[in-house]
Participant: 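Sending over a structure as structure tokens; questions will come in a sec.
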Amino acid sequence: MTDEKTQMTERRQSLLTTMQLKYDAGITCTNCSGLCCSFVANSMQITPLEAKELWTFLKQQKRWNKHLKDTLQQTINDYGLDKPMPGNGKRVFSRRTYTCPFYQEGPLGCSISPKAKPYGCLAFNPNRKGASEGKGCASDQITLRDREEKFKEKEQRLNQKLKSDLGLFWDKTNIPEALLELGSKLETDTK
Ligand code: SF4
Ligand code: SF4
């Protein structure tokens, strides 16, 4: 378990360091309501491995319970996350947005530890002091790409194993669907 925790942190370290450097320079989300986690801007998708790490964190915090599962299902229903995206016959339009079930309105509104957060969440930060409501914020694609490159082989193996062990048919999906499906299968697996 400790080894798993160390690996989780290692795979996030470059993103965590970048965040910390910004924080030390006074570039923080303190002035913002957390727009990037709400349906206005959030369409975060995660891999099976990220879902498993998030699920493990929630289990350890004793937050994986009926209330949370109901909230995840409600989010899926509210934002039609289980429905195909509309298309025009030639292409399917991007992906659905949703208010993340872990978003608590107000500054610094995420209730997930940075050490268990999806990579995409860690990479989206303000780029200047006083940034707010998405103005002056961006996803750090360079750090994301470098991180992905560094852990590519290992993560592909771990994701593939989770997919085949649990019978998952997606490489990435939204947080509520990923957690609900993976969580219910892991629960059955460990019973
Ligand atoms: S996990 Fe946290 S940072 Fe990521 S979308 Fe949800 S509330 Fe936002
Ligand atoms: S990254 Fe930008 S939009 Fe998201 S919470 Fe921080 S300041 Fe707000």
Side-chain angles (χ1 to χ4, degrees), residues 5 8-9 11-65 67-82 94-144 147-148 170 172-183:
K5 264 192 170 171
M8 269 173 75
T9 308
R11 283 188 271 101
R12 286 166 176 74
Q13 195 54 61
S14 56
L15 294 163
L16 294 170
T17 303
T18 306
M19 275 175 72
Q20 186 62 46
L21 287 172
K22 283 177 186 277
Y23 189 85
D24 293 346
I27 302 172
T28 70
C29 299
T30 329
N31 297 318
C32 184
S33 68
L35 186 89
C36 57
C37 302
S38 84
F39 73 94
V40 179
N42 173 53
S43 62
M44 187 58 61
Q45 296 202 336
I46 57 177
T47 60
L49 179 59
E50 289 169 282
K52 177 162 185 257
E53 292 172 344
L54 187 48
W55 178 81
T56 305
F57 166 79
L58 292 164
K59 280 277 278 188
Q60 283 164 355
Q61 287 224 320
K62 303 203 185 321
R63 288 166 62 188
W64 183 251
N65 51 33
H67 174 70
L68 177 56
K69 289 183 220 174
D70 288 347
T71 306
L72 294 171
Q73 187 58 56
Q74 194 57 52
T75 307
I76 293 169
N77 299 345
D78 288 350
Y79 297 99
L81 299 179
D82 53 348
S94 75
R95 53 198 207 194
R96 290 188 194 277
T97 60
Y98 61 97
T99 296
C100 180
F102 303 110
Y103 163 63
Q104 304 159 323
E105 278 184 59
L108 307 173
C110 178
S111 66
I112 304 298
S113 157
K115 291 186 177 171
K117 262 192 217 195
Y119 309 130
C121 298
L122 293 171
F124 196 86
N125 289 295
N127 281 332
R128 59 168 167 80
K129 283 184 185 174
S132 175
E133 312 304 331
K135 291 191 187 75
C137 312
S139 175
D140 181 350
Q141 291 297 313
I142 293 174
T143 310
L144 267 182
R147 191 214 69 77
E148 193 177 320
W170 42 271
K172 269 192 164 191
T173 192
N174 61 76
I175 295 174
E177 281 197 305
L179 266 182
L180 262 190
E181 186 179 3
L182 184 129

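Numbering of ligands and ligand atoms starts at 1, following listing order.
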Participant: Any atoms of ligand 2 less than 4.0 Å from a non-hydrogen atom of Phe124? List them with their elements.
Facilitator: 1 (S)

Participant: For a quick check under 3.5 Å, do Trp170 and Glu181 share a side-chain donor-acceptor pair by atom type?
Facilitator: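 Yes, because at least one side-chain N or O of Trp170 sits under 3.5 Å from a partner of the opposite role on Glu181.
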
Participant: Is there a side-chain contact between Tyr103 and Ser33 (heavy atoms, below 4.5 Å)?
Facilitator: yes

Participant: Please list, in chain and residue-number order, the protein N/O/S atoms closer than 2.8 Å to atom 2 (Fe) of ligand 1.
Facilitator: Cys110 SG

Participant: Quick one: nearest non-hydrogen protein atom to atom 2 (Fe) of ligand 2, plus distance?
Facilitator: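 Protein heavy atom with the smallest distance to atom 2 (Fe) of ligand 2: Cys137 SG, 2.3 Å.
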
Participant: Using a 3.5 Å distance criterion without hydrogens, assess whether the side chain of Arg96 forms a donor-acceptor pair with backbone atoms of Gly80.
Facilitator: yes

Participant: Considering Cys32, Ala41, Ala138 one by one, which has a heavy atom nearer to atom 7 (S) of ligand 2 than any of the others?
Facilitator: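 Minimum heavy-atom distance to atom 7 (S) of ligand 2 goes to Cys32.
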
Participant: Between the side chain of Glu53 and the main-chain N/O of Glu50, is any donor-acceptor distance below 3.5 Å?
Facilitator: no

Participant: What residue and atom, counting heavy atoms only, is the protein's closest point to atom 4 (Fe) of ligand 2, and at what distance?
Facilitator: Cys36 SG, 2.3 Å

Participant: Heavy-atom count check: over 12 atoms from other residues, nucleotides or ligands less than 6.0 Å from Lys22 NZ?
Facilitator: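 It does: Lys22 NZ has more than 12 such atoms within range.
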
Participant: Can you tell me the protein heavy atom closest to atom 6 (Fe) of ligand 2 and the distance?
Facilitator: Cys29 SG, 2.4 Å

Participant: In terms of the angle between their ring planes, are Trp64 and Trp55 parallel, tilted or perpendicular, with boundaries placed at 30° and 60°?
Facilitator: perpendicular

Participant: Between Phe102 and Leu68, does a side chain to side chain contact (heavy atoms under 4.5 Å, CB included) hold up when you go through it step by step?
Facilitator: CA-CA 10 Å; Phe102 303 110; Leu68 177 56; 3.8 Å; yes

Participant: Counting non-hydrogen protein atoms only, what is the nearest one to atom 3 (S) of ligand 2? Give residue, atom name and distance.
Facilitator: Gly134 N, 3.2 Å

Participant: Which of the numbered atoms in ligand 2 are below 4.0 angstrom from a heavy atom of Gly34?
Facilitator: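 Answer for ligand 2: 5 (S).
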
Participant: Applying side-chain hydrogen bond (donor to acceptor under 3.5 Å, both in side chains), can you list everything that pairs with Asn42, at least two apart in sequence or on another chain?
Facilitator: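 Counting only residues at least two positions away or on another chain, Asn42 forms no side-chain hydrogen bond (donor to acceptor under 3.5 Å, both in side chains).
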
